[in-house]
Amino acid sequence: MITLTNLTKRYGDAVAVDDLTLTIEPGRVTGFLGPNGAGKSTTMRMVLGLDRPTAGTALIDGRPYADHRYPLRKVGALLDAKALHPARTARAHLRAMARTNGIPGARVDEVLGLVGLADAARRRAGTFSLGMGQRLGIAGALLGDPEVLMFDEPVNGLDPDGVRWVRELVRGLAAEGRTVLVSSHLMSEMQLTADRLAVIGRGRLITDAPVGDVIAASERRAVRVRGPHVDGLRALAAALSARGASVEDVPGGLLVRGAGIEEVGETAHRLGVLLHELSPQEATLEEAYMELTADSVEYAAEADR
Ligand SMILES: Nc1ncnc2c1ncn2[C@@H]1O[C@H](COP(=O)(O)OP(=O)(O)O)[C@@H](O)[C@H]1O
Ligand SMILES: [Mg+2]
């Protein structure tokens with residue numbers, strides 16, 4: 001479990017993380033989302049003791065990172081995949097990490113196999129592609145068989161196979177009861193990977209909720225109706241608009257926002273409008289996310305403002 005309490009980080013006048021209170025529970029994947037510069041990486045660095053909080057605390061199972069005797073056996077992290085010695089081989093890099101944490105050397109070859117780098121074990125890390133670097137970083141995170149895992153943008157540079165592999169790996173780790181925190185800016189991928197979302201903007205918590213709840217709260221969610229009689233649909237659209245819903249014409253029917261499916265169905269019934277379809281249209285996580293973070297995007301294009 002990761003516990004952030006009033007966690008704050010300032011760099012000079014700039015606030016990178018602003019009074020963040022959040023618990024990341026075991027047994028599920030928590031997606032850590034936010035626009036560029038929201039403070040995700042800074043938060044993860046503070047959990048790992050790489051950055052000192054200006055105020056507040058970041059604890060792993062109730063203690064700061066540095067207070068764990070063998071930190072790599074408690075928490076594994078992929079933060080910056082390029083943070084390794086380019087002249088070292090993949091195996092030498094992991095062996096050095098293992099030695100300082102009392103991890104047996106045999107575990108190195110095990111994790112190299114797990115991430116699909118067994119054949120590249122003797123290659124210098126500096127010659128690795130971005131995707132191979134990510135895999136080596138993930139191997140390092142898994143090395144100590146830790147209960148808590150943090151992955152910062154783990155699918156950057158991975159091909160579709162690699163993306164899927166990370167998704168299954170991360171879901172598997174949570175299913176084993178581990179605490180898993182994954183940041184990403186790929187919403188479609190997060191919708192498939194995460195159970196719960198912590199969304200931040202400008203260092204502040206915007207939402208902490210199950211993925212399904214975040215999507216259900218979106219104003220983009222709609223009800224679609226189709227019917228064979230244009231006049232009937234017109235009458236339905238007028239009645240729903242009069243009740244404050246927003247109604248859009250779509251081929252063969254209407255898309256209604258701001259009214260529940262019961263209200264749409266009952267209104268059609270009252271007006272005697274024949275329907276061939278009455279269906280809920282879920283928003284995508286991307287749409288829900290855009291609404292949530294609209295006010296906190298640091299580098300929005302002028303046209304978006
Ligand atoms: N070492 C640093 N010195 C000064 N500002 C920093 C430093 N690291 C991060 N920041 C600033 O803190 C904010 C949060 O950055 P970061 O945690 O990297 O965001 P994210 O990972 O969500 O994109 C940004 O405005 C960034 O410019
Ligand atoms: Mg980052």
Side-chain angles (χ1 to χ4, degrees), residues 2-24 29-60 64-65 75-84 130-131 133-138 140-141 148-158 162-163 166 170 180-191 193-194 196-209 211 214 285-286 288-301 304-305:
I2 302 171
T3 316
L4 313 178
T5 309
N6 304 116
L7 189 66
T8 301
K9 179 69 188 180
R10 286 193 204 94
Y11 293 107
D13 285 344
V15 187
V17 176
D18 192 0
D19 200 26
L20 191 59
T21 295
L22 178 66
T23 302
I24 297 125
V29 177
T30 301
F32 199 22
L33 306 184
N36 284 333
K40 304 179 295 294
S41 299
T42 303
T43 299
M44 288 181 166
R45 281 201 307 275
M46 287 193 281
V47 174
L48 293 173
L50 297 171
D51 244 336
R52 182 198 295 269
T54 309
T57 55
L59 304 179
I60 300 157
Y65 182 85
V75 50
L78 166 73
L79 287 203
D80 181 354
K82 289 175 291 300
L84 42 83
L130 184 55
Q134 294 290 74
R135 284 175 186 261
L136 180 55
I138 291 170
V148 177
L149 288 132
M150 292 195 299
F151 300 103
D152 196 5
E153 307 275 359
V155 302
N156 273 3
L158 295 184
V163 170
V166 168
V170 156
V180 185
L181 182 65
V182 187
S183 78
S184 181
H185 57 268
L186 300 174
M187 294 307 124
S188 52
E189 184 49 33
M190 270 300 177
Q191 191 167 358
T193 305
R196 197 177 176 88
L197 297 177
V199 183
I200 63 171
R202 297 185 189 277
R204 288 185 156 265
L205 187 66
I206 297 175
T207 289
D208 169 29
V211 177
V214 173
L285 178 57
E286 182 170 71
Y289 169 86
M290 289 300 176
E291 285 168 34
L292 285 171
T293 58
D295 295 336
S296 55
V297 177
E298 199 172 38
Y299 305 109
D304 292 349
R305 283 177 198 265

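The basis for the numbers below is simple: all heavy atoms, side chains too, and nothing from hydrogens, waters or symmetry mates. Start at 1 and go down the list; that is how both ligands and their atoms are numbered.
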### Message
Pairs of nitrogen or oxygen atoms closer than 3.5 Å, one from Thr43 and one from ligand 1: do any exist?
### Response
no
### Task
With the side chain counted from C-beta on, respond yes when Ile200 and Leu20 share a heavy-atom pair under 4.5 Å apart, and no when they do not.
yes
### Summary
Closest to atom 19 (O) of ligand 1 by heavy-atom distance, out of Ser183, Gly39, Ser41, is Gly39
#### Entry: Contact atoms of ligand 1, heavy-atom distance to Thr42 under 4.0 Å
9 (C), 14 (C), 15 (O), 16 (P), 17 (O)
### Query
Any luck finding a side-chain donor-acceptor pair between Asp152 and Ser41 under 3.5 Å?
yes
### Query
Among the heavy atoms of Arg45, does any lie under 4.0 Å from an atom of ligand 1?
yes
### Query
Do Arg196 and Val29 touch side chain to side chain, with heavy atoms closer than 4.5 Å?
no
#### Entry: Asn36 N/O/S atom closer than 2.8 Å to the Mg ion (ligand 2)
no
### Message
Is any side-chain heavy atom of Met44 closer than 4.5 Å to one of Phe32?
### Response
yes
### Query
If we only count N/O pairs under 3.5 Å, is Asn36 in contact with ligand 1?
no
### Task
Evaluate whether atom CD of Glu286 has more than 12 neighbouring non-hydrogen atoms of other residues, nucleotides or ligands under 6.0 angstrom away.
no
### Task
Scan Leu285, Thr207, Asp208, Thr30 and name whichever one has a side chain to side chain contact (heavy atoms under 4.5 Å, CB included) with Leu197.
Leu285
#### Entry: Under 3.5 Å: N/O of Ala16 near N/O of ligand 1
no
